[in-house]
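Reviewing the structure listed below.
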Amino acid sequence: MATRIPLPLILLTVAVYIFLVGPLIIILGAAVSDTTYLTFPPQGFTLHWFQRIFEIGAFRRTIVTSLQLACLATALALVIGIPAAYALNRYRIQLPTWLSTVFVLPILVPEIVLGFSLLKSVAVGASLPIFPTLLIGHTLLVLPYAVRVISASLASFDFSIEEAAISLGSPPSRTFFTIVLPNVRSGVIAAFILAFITSINDVSTSLFLTGPGISTLPIQILAHVEQFFDPVIASVSVLLMLLTVAVMAIVERTLGLTFLTK
Amino acid sequence: MTQPLSVRNVTAHYGTTKVLEDLSLDVAEGELVSLLGASGCGKTTTLRLIAGFLEPTSGTITLGGRDLTRLPAYKRDIGLVFQNYALFPHLTVLENVAFGLKQRGIAGPEREKRARAMLERVGLAPLADRLPGALSGGQKQRVALARALVIEPPLLMFDEPLSNLDAKLRIDMRVEIRQLQRANRTTAVYVTHDQEEAFSISDRVAIMNAGRIMQFDTPETLYQRPANSFVARFVGFENLIPMKVVARDGANVTAETAGGARLAMSGERFGEIPDGFIFASRADGLRVVPGTGEGIPATTGLRTYLGRAYQYQCDTAAGPIVANGALSEPLEPGSTATLVPVPDQCCVLKAE
């Protein structure tokens, strides 16, 4: 028996979808508009503005920086976050409760405050070069996501499985890689995606830490918008979106996205 | 392959809380010993100490003369079966069973041959390529058993292995566990809170309470001759009646309850009887006889039907007592009766 869906519910659903997808369509339209200014609906069709991104040296450089930064910060966050999440869950009873809160703090602290304090302490205080400073900032920014997501995965992991492996002769370090890690794989991948996307889209923290010669893509977009109002902004936004979609698509291809909703 | 286990004077702490107090336990070669007790009595702690997941504060653990006390868990060669099975969810049944062999560096084909043979023995050969998620509880526990047995461990340990199974399966599985353990003559330690399970499966049972072993003996001895009132209560002696000896005639004595009821007790049956002692009996150990006579005077209360007898909640000068009476003469609540001891169903415990 088919259930009748009430009309208001259908309308509401459609409205929500328009609200979610609308801005994306507008950006997409503006990016292909054959005008020298941002406009919607697009007038004419051109891919010129996508080509233009790569003609502007600042965009080329910042795309590379952003990708490097996102990859390295995510990798660092996983290297720190996986053992941290493991320890927090494995020794939950012995550890004080505030310890796990410490790892969430960077989420609670406004990003702009994080950026400013890093500027004061790392960039100015320790006078570190810009890229390492950015890397520290982004690692701190994404670490809480890594720890939280992997923790959630480990929370449902039965540690007696680990003990079973050890009792069968597998040393604890090997057990971690052959037994624990494969069982929290979905959490690690989810953490990777969240961290990567958070890093590549970050403005607030990066704003303080970028400097002469080195910037990230979102900061460059911001700088560009302050001076120009051409469709390059729209096309570069589409590019950023495509990058995010590409990451999701790779994951979907290899794993399926169902684990995100698990 | 099988070896005797010896736990000597082991004390253990969780933080500052003492959880085991000077515990000693010897398990002979090929013997199955159960650790029985309520939760928090230290039975699982003992198992984890032997397995190497906890370190004792003091004392030693040896297996076949090999000192395990400071040896890391993965070098101990002990087969473990867990309550929640603890199968590797990402490996097939066959890979689960082969895991321990792989750690021992046994080559692929030989490994698979042995794992398959073990699965055959537990009747799971057709499920070799399934993932654990696709198995029933009983099948999972068989895989866990196969995984622990295939490494031919000198010691096999079970941590409440059947408590997640339903009643019927529990009985089948415990027979199966006992048969496999007997066939391999593997020394085994079995942790459970279920008295029937422990008594039915074990050569000897250690009854534990508050981090100590209260009595360590065969099930028969524990059931019929508990050594103290804790064990007596644990194995179902409902009536623990404090008594005092008032007269001695050689080894035989006359003893008196708090209410002044007198019982004649044979030294031949009860051995040496101290001046103050506890007379322990199950409901079956005191027969309810109508009217007055030799024994403990009582007034019957609630009567329940047990099939083989009637059970009465009796009121006596020594306190409430549970006793059974013949089916041929049911007594109404409030009847005057006498409780007559059945000597081989009763025992004498030291006063505490």
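The chains referred to below are lettered A, B, ... by the order of the sequence lines, with proteins before strands, and numbering in each begins at 1.
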Subject >> Test side chain to side chain contact (heavy atoms under 4.5 Å, CB included) applied to V27(B) and L155(B), I50(B), T187(B), the passing residue >> reply: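 Only one of L155(B), I50(B), T187(B) forms a side chain to side chain contact (heavy atoms under 4.5 Å, CB included) with V27(B), namely T187(B).
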**OP:** Sort out for me which residue in T244(A), L240(A), V238(A) forms a side chain to side chain contact (heavy atoms under 4.5 Å, CB included) with L242(A).
**Re:** V238(A)
**OP:** Would you mind telling me which of T175(A), I179(A), T178(A) has the largest number of heavy-atom pairs within less than 4.5 Å of chain B?
**Re:** I179(A)
Subject >> Closest heavy-atom pair and its distance - G138(B), L169(B) >> reply: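 Closest approach of G138(B) to L169(B), heavy atoms only: CA-CD2, 3.6 Å.
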Side chain, backbone, both or neither: which part of [X] has a non-hydrogen atom closer than 4.5 Å to chain A?
{"X": "L101(B)", "value": "neither"}
{"X": "A51(B)", "value": "neither"}
{"X": "R104(B)", "value": "side chain"}
{"X": "R147(B)", "value": "both"}

Subject >> Residue E120(B) excluded, over 12 heavy atoms near CD under 6.0 Å >> reply: no
Original post:
Hey, are D67(B) and T69(B) close enough side-chain-wise for a donor-acceptor pair under 3.5 Å?
Top reply: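 Distance-only check passes for T69(B) and D67(B).
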Original post:
For the candidates G79(B), G15(B), P89(B), which exhibits the highest count of non-hydrogen atom pairs separated by less than 4.5 Å from chain A?
Top reply: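 The residue among G79(B), G15(B), P89(B) with the greatest pair count is P89(B).
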